[in-house]
Amino acid sequence: MTVSNPQPLPTTFDPAAIEARWYQHWETKGLFRPHRPEAEPFTIVNPPPNVTGSLHIGHALDNTLQDVVIRYERLRGKDALWVVGTDHAGIATQMVVERQLEAQQDKRTNYTREDFIAKVWAWKEESGGTITRQLRRLGCSMDWSREQFTMDPHFTRAVIKTFVDLYRDGLIYRDKRLVNWDPKLKTAISDLEVETQTIPGHFWRFKYPLADGARTEAGADHLIVATTRPETMLADMAVAVHPADERYQSVIGKHIILPITGRRVPVIADEHADPELGSGCVKITPGHDFNDFEVGKRAGIAPAAMLNMFDPQANVCQTADGLVPQEFIGLHRFRKDGVDGARELVVKRMKELGLLVPFITKDKDGNEIALDAEPRQIPTPFGDRGGVVIEPWLTDQWYVNAAELAKKPTEAVRRGDIEIVPRSWEKTFFNWMENIQPWCISRQLWWGHRIPAWFDKDGKIYVAESAEEAQQQAGEGVALRQDEDVLDTWFSSALWPFATLGWPEADAPLLQRHYPNSLLISGFDILFFWDARMMMMGFYHLDKRPWDRLYLHGLVRAADGAKMSKSKGNVVDPLGLIDKYGADALRFFMAAMESQGRDIKMDEKRVEGYRNFATKLWNAARFCQANGIGASASIAAPPARLAANQWIIGEVAACAAAIEAAMAELRFDNAANAIYQFTWSKFCDWYLELIKPVFAGDPDSPAALETRSVAGWALDQILVMLHPFMPFITEELWHRLGAREYELIVAKWPAPQAEVSREATEAIDWVIELTTNTRSARAELGIAPGAKLAAYIAEPSPVASRTIARSAAAIERLARLAPVTIGAAPPGAAMQVIAGEDVFIIPLEGVIDIAAEKARLEKALAASQKEARSLEGRLANPAFVERAAPQAVDKARADLAHHQGEIARLTAALARLG
RNA sequence: GGGCGUAUAGCUCAGUGGUAGAGCACUACGUUGACAUCGUAGGGGUCGCAAGUUCGAACCUUGCUACGCCCA
């Protein structure tokens with residue numbers, strides 16, 4: 001879509017009108033992945049969003065940062081590949097479809113597994129594209145032609161191979177142990193999916209009668225145990241005391257007759273019992289508590305022998321010894337939906353039996369009262385998806401030996417082979433990796449990668465890449481049944497950096513070229529879930545790091561600093577912000593606020609400010625267009641003689657260097673601010689103002705031709721440098737300004753290749769200082785800003801002599817000084833303005849308030865004197881001169897000289913006023 | 001209990017040894033053409049507190065306070 005006859009730009013900038021058009025253009029022309037076989041590869045894989053998802057503000061941040069990097073590297077000529085796709089998200093997706101069924105009074109279990117999975121696929125085909133459409137609205141330049149899904153056939157092959165390989169290497173195994181069980185979703189989940197929250201609860205104390213006439217040292221015929229979960233006493237298998245606890249030496253090895261069940265259980269000695277806590281006696285329920293599980297194993301109870309009292313929904317079931325009274329069977333573990341459960345009934349029965357030790361406290365009037373239990377804050381595990389209390393439950397599950405797989409990644413980070421940015425996350429990473437627990441990867445779901453393991457009727461396991469292969473292992477005629485469970489979603493997404501590139505085909509060209517990836521950008525919240533596991537799998541399969549660098553960003557918070565959540569109702573919809581301010585403004589906000597990992601507080605005013613910035617650029621382009629400034633044909637800076645033109649060329653080079661330095665260390669904020677300040681404060685505020693007089697004269701003069709050429713080039717450089725942050729407006733202007741051989745998205749990064757003239761820089765800096773100081777003096781003295789004033793300069797400095805002649809028009813227009821006469825001013829009241837070493841005398845007889853001018857000069861004098869005194873003090877200190885860095889001393893001397901000069905000029909100026 | 005982080009202008013944030021900045025907000029002035037989604041000028045900070053190191057500390061060290069996050 002090259003525009004050969006540029007149409008005048010509309011007077012107002014309307015983001016919505018251009019965004020969809022340009023995105024579609026880029027995508028259909030394949031510009032997100034230009035063919036660059038010779039170029040250096042640069043690779044990012046996106047954190048695949050849940051296929052059920054829609055774009056939230058965190059995605060907006062994450063993907064903006066990735067797009068800034070990928071567009072930047074593409075402009076720098078790299079073979080930039082941004083892999084995109086979505087995650088099948090086992091639990092989340094299954095929940096979405098189950099909820100739909102519920103809405104129709106239907107449920108999953110009314111269908112066969114195959115039929116239900118077909119429904120999920122149908123849902124995915126119909127509604128799964130929401131988030132990918134939304135990523136397009138944000139302007140993300142991913143390679144959609146290779147869009148991936150974690151349940152694509154090739155991806156499934158990779159997952160199955162991974163499972164089989166790990167199993168054969170002994171790194172995946174089946175084990176019976178306690179897992180975190182979600183009774184709502186009826187599946188096991190991993191440690192990471194459990195969130196501990198402290199909630200109000202109770203602490204009950206029970207008497208457990210000793211059997212066979214045993215007594216404690218103090219003579220009691222019972223032990224007192226305390227618990228926050230009384231219902232679990234139905235599956236108690238022991239009471240533990242500390243081996244050194246003198247109070248209980250006589251009962252170790254004796255027995256308890258448990259109330260309610262009548263179960264006879266031993267009193268055991270175990271260091272887990274803390275003598276300092278409560279009575280020092282602890283009830284032990286190995287089948288329903290992680291600590292007790294370990295105590296039970298130490299006491300010689302095999303996991304298979306541990307009593308289980310819950311069904312998958314955490315309703316009470318009969319224990320293996322048949323001792324749970326009938327009235328408990330089927331009750332929920334605790335009060336639910338207003339109905340009392342096993343917990344409440346246990347307390348009631350214990351109280352009736354006189355075995356509840358009341359909690360004595362005082363009411364608000366100071367009267368002593370007895371409560372059933374002590375109110376306490378209880379740290380409680382919740383499932384991050386289902387939101388209900390997690391039940392430790394004894395089951396057979398598949399585990400990954402994470403500790404073994406963690407070794408190479410940990411070394412790699414320690415060696416600096418993988419760079420984590422910001423570095424402060426390294427410690428957290430090491431701490432987790434070095435204390436890592438076995439990773440439970442089986443999930444009792446239907447939607448996901450089914451575990452490639454088969455059992456024969458004796459429970460013997462055959463792990464294979466296909467049913468045929470498993471049958472081969474088992475032998476003909478042996479009846480096999482495939483494991484019903486699926487794999488943790490993170491097990492598959494851990495393969496993302498290479499399975500998306502063609503692995504396990506070893507000679508996959510993309511894999512050869514783009515693995516290891518260059519960079520991964522993710523929120524720190526998935527460092528363990530995903531990033532660490534990609535490292536494990538990358539090293540396991542390919543013996544190489546998945547990426548050179550890992551950049552971790554923070555959370556986007558609400559304006560008040562609170563975490564955004566649907567329940568709080570404080571979520572900000574990025575699409576709403578795009579509608580209101582444009583995608584470019586939202587992107588720029590995200591980049592400008594991103595300073596290495598700290599959280600970003602939402603500030604809509606700031607988004608608005610960046611929309612204003614886009615408008616500013618739009619209007620600057622309109623000005624250029626109106627003055628015949630258009631597309632530049634050269635990458636290198638055009639030849640320039642005029643000071644302003646030389647100056648802006650130097651400023652372009654400085655800006656490009658600043659962005660490059662910032663991007664090299666992933667300082668998105670510094671990069672964004674560099675182009676912002678250059679565009680607004682240098683190009684618009686000064687350069688365009690400086691060149692306006694050139695266009696007032698002969699439009700074909702050499703000066704006008706040169707200026708049009710340089711201005712067009714400089715504006716082009718702005719568009720290129722700003723493009724990674726604001727792709728839409730820059731692409732639009734790129735084409736509006738003239739016919740182009742290629743789109744901006746595949747343009748060339750600035751390479752000015754120009755010497756910056758020191759004289760030109762000095763001259764423009766001098767004009768700027770003169771202008772600013774003159775404006776300031778006028779404002780303070782109440783002189784009309786627009787009034788043209790004659791000025792006299794008696795002894796011009798070299799820079800003044802050169803510049804007054806060459807830039808008279810600019811001085812007249814900006815400082816509103818004309819004519820400027822070299823020579824003594826006529827006597828009389830005058831305003832005096834200083835620029836560098838030069839003093840301008842501006843006669844204002846009859847207009848000027850002498851007292852005000854005096855006050856103004858005295859104020860400036862006082863400021864200079866204060867600075868000078870401070871510098872003198874420092875330089876008078878021998879310790880400073882001897883010990884400080886020589887550059888620091890030189891700078892102090894130069895600063896002092898400057899202030900002394902300033903003092904002399906101001907003193908003289910005051911003297912002239914009389 | 002362990003670890004990490006934060007505290008700088010009214011607000012949101014930059015600033016890793018040389019005497020403090022940006023955007024927004026605020027005040028005053030300004031619309032005979034790039035832009036009022038703007039321009040010009042200006043006010044505003046004992047850099048959380050205390051001690052130490054140093055010629056010199058927002059920055060380094062230690063302690064304290066407050067807030068946040070992660071792990072147990």
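Letters A, B, ... mirror the listed sequences (proteins, then strands); counts begin at 1.
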Please report whether the ring centroid of Tyr676(A) lies less than 6.0 Å from that of Phe613(A).
yes
Round to the nearest Å and state the distance from Ile691(A) atom CD1 to A34(B) atom P.
12 Å
Encoded 5' to 3' (Watson-Crick or G-U under 3.5 Å; [ ] crossing; | other strand), RNA chain B becomes ((((((((.[[[[.)..(..]]]].(((((.......))))).....[[[[[..)....]]]]]))))))).
Enumerate the protein-to-nucleotides 15-20 of chain B contacts in which both atoms are nitrogen or oxygen and the separation is below 3.5 Å.
from   : atom 1 : to        : atom 2 : distance (Å)
G15(B) : OP1    : Arg667(A) : NH1    : 2.8
G15(B) : OP1    : Arg667(A) : NH2    : 3.2
U19(B) : O4     : Arg874(A) : NE     : 3.0

List the atom pairs, with distances to 0.1 Å, where a side-chain N or O of residues 768-780 of chain A and a protein N or O form a donor-acceptor pair under 3.5 Å, not counting sequence neighbours.
from      : atom 1 : to        : atom 2 : distance (Å)
Glu769(A) : OE1    : Gly836(A) : N      : 3.3
Glu769(A) : OE2    : Gly836(A) : N      : 3.3
Thr771(A) : OG1    : Val767(A) : O      : 2.7
Thr772(A) : OG1    : Ile768(A) : O      : 2.8
Asn773(A) : ND2    : Ile834(A) : O      : 2.5
Thr774(A) : OG1    : Leu770(A) : O      : 2.6
Arg778(A) : NH1    : Ala784(A) : O      : 3.0
Arg778(A) : NH1    : Pro785(A) : O      : 3.4
Arg778(A) : NH1    : Ala787(A) : O      : 2.6
Arg778(A) : NH2    : Ala787(A) : O      : 3.1
Arg778(A) : NH2    : Ala815(A) : O      : 3.0
Arg778(A) : NH2    : Arg816(A) : O      : 2.8

Nearest-nucleotide wise, let me know which of Leu688(A) and Arg775(A) is further upstream toward the 5' end of RNA chain B.
Leu688(A)
Anything under 3.5 Å between a protein N or O and an N or O of nucleotides 5-12 of chain B, put it in a table, one pair a line.
from   : atom 1 : to        : atom 2 : distance (Å)
U12(B) : O2     : Arg606(A) : NH1    : 2.8

Can you pull every protein N or O that's under 3.5 Å from an N or O on nucleotides 68-70 of chain B?
none

Is any N or O donor-acceptor pair between the side chain of Glu689(A) and the base of A34(B) shorter than 3.5 Å?
yes
Would you say the ring centroid of Phe668(A) lies under 6.0 angstrom from that of Tyr551(A)?
yes
Considering only heavy atoms and no angle criterion, is a donor-acceptor pair shorter than 3.5 Å present between the side chain of Lys427(A) and the base of C4(B)?
no
From CD1 of Ile629(A) across to C1' of A34(B) the rounded distance in Å is 10 Å
By side chain to side chain donor-acceptor pair (under 3.5 Å), which residues pair with Thr730(A), not counting sequence neighbours?
His723(A)
Taking atom C1' of C71(B) as reference, at what distance in whole Å does atom CG of Asp525(A) sit?
15 Å
Using 4.0 Å as the upper bound for N to carboxylate O, is an ion pair formed by Glu608(A) and Lys580(A)?
no
Can you tell me the distance, in whole Å, between the CG atom of Leu192(A) and the C1' atom of C71(B)?
11 Å
Donor/acceptor link under 3.5 angstrom from Arg611(A) side chain onto base of U37(B)
yes
Atom-to-atom span, CG of Asn612(A) to P of C35(B) - whole angstrom
15 Å
